[in-house]
Amino acid sequence: MYKYVINGGKRLSGTVAVSGFKNAADGILPAALMCAEPVRVENIPNIRDVLLWLDIFRDMGVKVDMLRPGAYEIDAGSICRDDPPFGHMRQMRASYYLLGAMLSRFGKAAVSMPGGCDFGVRPIDQHIKAFEAMGATIDIQGGVIRATTPDGKLHGAHVYFDVMTVGGTINAMLGATLAEGQTVLENCAREPHAVDVANFLNSMGADIRGAGTSVIKIRGVEKLHSCAYTIIPDQIEAGTYMVFAAVTGGDLTITGVIPKHLEAIIAKLRETGVTVDELDDAVRVTRTGTLRRANIITLEYPGFPTDMQPQMAALLCFASRTSTITEGIFENRFKYVSELNRMGANILVSGKTATILPAERMTGTPVRACDLRAGAALIVAALAAEGTTEIEDIIYVERGYEDIVGKLTSVGADITRVEVSHD
Ligand code: EPU
């Protein structure tokens, strides 16, 4: 067990390179199992979710070769199980993508109910609705989802999603890729990572049109072939470093990004008085003046991403006037607020809205990360707080941020990762 020890008050400056997008890798890695030939995937972030995937793959008899850091060849020609090990799967939300990938390729699958960050109820009814429309029979018992098809394959169908779901959209695309006939998905999520998964599947020979819009049409193909693919940069990691720069009154250039994916984050940071310069594949974030208030509501892409909500809340604690944040995606994504309040924040939560009053004084305190972005929010607060903050349960942070200690240290933060002693 490790914790981060952060001495606040250091101004960050310099350049940070963004890694590959966690949430795209979470869809692309299981999609690679749909191909019986080797595929090469580059820009895979070195994070815990990816390591869990690679362990699951090895347990399933899939050949995984690291070509160099971040680049892997995955050969699922030799896959020997369609009921992968449940222990690792339970630790990840994205394990549900094995349902779509295995059903598509083998016409049957068994996966454990997904784990991952706890934001209240996170149903997967829309995933199941899509697979049932494609002819699967789903049985959920004892935390295991078993899916079967009468004739060993899925069949094209018309699916209307009742909510815009990233996971449901990606899973249905996986299922439809090797299904017989055409599938039409309506009211789809338009997030960049859903588009990235579609582009990856198309590079393997899938026939998917419309990803990035609300209607996706997929003509099923018989099989997929080898390809080489590079995962898009992580817009949430980029946004998090933008907030690190803003909260410390710093000057950070964040490289290897797609500025278009950052539009909502850039707009909100500018409202708070932060300067953001958009370059071709980088953004430079500087702040010299006082932080101003902002009101934010999280929405589906291209709205403000829920995955940046906790980090922005932590930033707005340092603003000169009262801000509000309304969570528009998840039932309960404010569990981190009590930890920020322990550091001196003055945040009141009522239903789906947090009112963030200016903090009189934020000071270093022992706190715990309760999920991935909550952990990032505590780092935001710790970087600007007076004194030393110790953050425990950083295993959540390391699920999604590659080498956060190394990257922050290289731009002037005082952060160390130390073993938790149990005396
Ligand atoms: N929903 C349903 N039924 C479903 C699926 C979703 O009601 O069958 C609801 C959810 O409860 C939620 C909303 O629809 O209220 C959106 O959920 P979505 O399915 O889009 O979320 P997800 O696929 O479970 C992914 C990311 C999350 C990110 C959300 C929203 C992965 C592995 N996870 O989750 O990422 O917050 O999309 O963009 O890609 C993170 O990176 O910190 C993270 C939590």
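Both ligands and their constituent atoms are indexed starting at 1 by order of listing. Everything numeric here is computed off the predicted structure, so don't read it as measured data.
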Quiz prompt | Which of the ligand 1 atoms, numbered from 1, are nearer than 4.0 Å to a heavy atom of V163 | solution = 1 (N), 2 (C), 7 (O), 14 (O)
Quiz item: Can you tell which of T169, D307, I128, I329 gets a heavy atom nearest to atom 43 (C) of ligand 1?
Solution: D307
Quiz prompt | Smallest separation among heavy atoms of A413 and L12, with atom names | solution = N-CD2, 3.5 Å
Quiz item: Hey, is ligand 1 close enough to H193 that some N/O pair sits below 3.5 Å?
Solution: no
Quiz item: What atoms of ligand 1 come within less than 4.0 Å of a heavy atom belonging to I124?
Solution: 4 (C), 8 (O)
Quiz item: Would you call K268-E271 a salt bridge at under 4.0 Å N-O?
Solution: yes
Quiz item: Checking side chain to side chain donor-acceptor pair (under 3.5 Å) for the pair K407/S19: CA distance, chi angles, key distance, verdict?
Solution: CA-CA 11 Å; K407 289 187 186 186; S19 302; 2.8 Å; yes
Exercise. Would you mind finding which of P305, P123, G168, A194 brings a heavy atom closest to atom 4 (C) of ligand 1?
Key: P123
Self-check item: Atom indices of ligand 1 within 4.0 angstrom of G167 heavy atoms, with elements
Solution: 19 (O), 23 (O)
Quiz item: Atoms of ligand 1 less than 4.0 Å from R333 heavy atoms?
Solution: 36 (O), 42 (O), 44 (C)
Quiz item: Applying a 4.0 Å heavy-atom criterion (strictly less than), which segment of D26 is in contact with ligand 1: side chain, backbone, both, or neither?
Solution: side chain
Quiz item: Which of the numbered atoms in ligand 1 are below 4.0 angstrom from a heavy atom of T306?
Solution: 30 (C), 36 (O)
Quiz item: Of all the atoms in ligand 1, which lie at a distance below 4.0 Å from a heavy atom belonging to Q126?
Solution: 3 (N), 4 (C), 8 (O)
Quiz prompt | Backbone N/O of T353 and side chain of S350: donor-acceptor pair under 3.5 Å | solution = no
Quiz item: Which of parallel (below 30°), tilted (30 to 60°) and perpendicular (above 60°) describes H127 and Y96?
Solution: tilted
Quiz prompt | Passing candidate, side chain to side chain donor-acceptor pair (under 3.5 Å) with S226, options R40, E73, E37 | solution = E37
Quiz prompt | Cation-pi, Y4 ring and R417 (6.0 angstrom, 45 degrees) | solution = no
Quiz prompt | NZ/NE/NH1/NH2 to OD/OE distance under 4.0 Å, D371 and R373 | solution = no
Quiz item: Should the ring pair F334 and Y336 be called parallel, tilted or perpendicular, given that the plane angle runs from 0 to 90° and is split at 30 and 60?
Solution: tilted
Quiz item: Any sub-3.5 Å donor-acceptor pair from R333's side-chain atoms to T306's backbone N or O?
Solution: yes
Self-check item: Geometric N/O contact N23 with ligand 1, under 3.5 angstrom
Solution: yes
Quiz item: Does an N or O from F330, backbone or side chain, lie closer than 3.5 Å to an N or O of ligand 1?
Solution: no
Quiz item: Which atoms of ligand 1 have any heavy atom of L372 under 4.0 Å away?
Solution: 42 (O)
Practice problem: Identify, by atom number and element, the atoms of ligand 1 in contact range of K22, meaning under 4.0 Å from any of its heavy atoms. | Solution: 41 (O)
Quiz item: Taking N or O atoms only and a 3.5 Å limit, does Y96 qualify as a polar contact for ligand 1?
Solution: yes
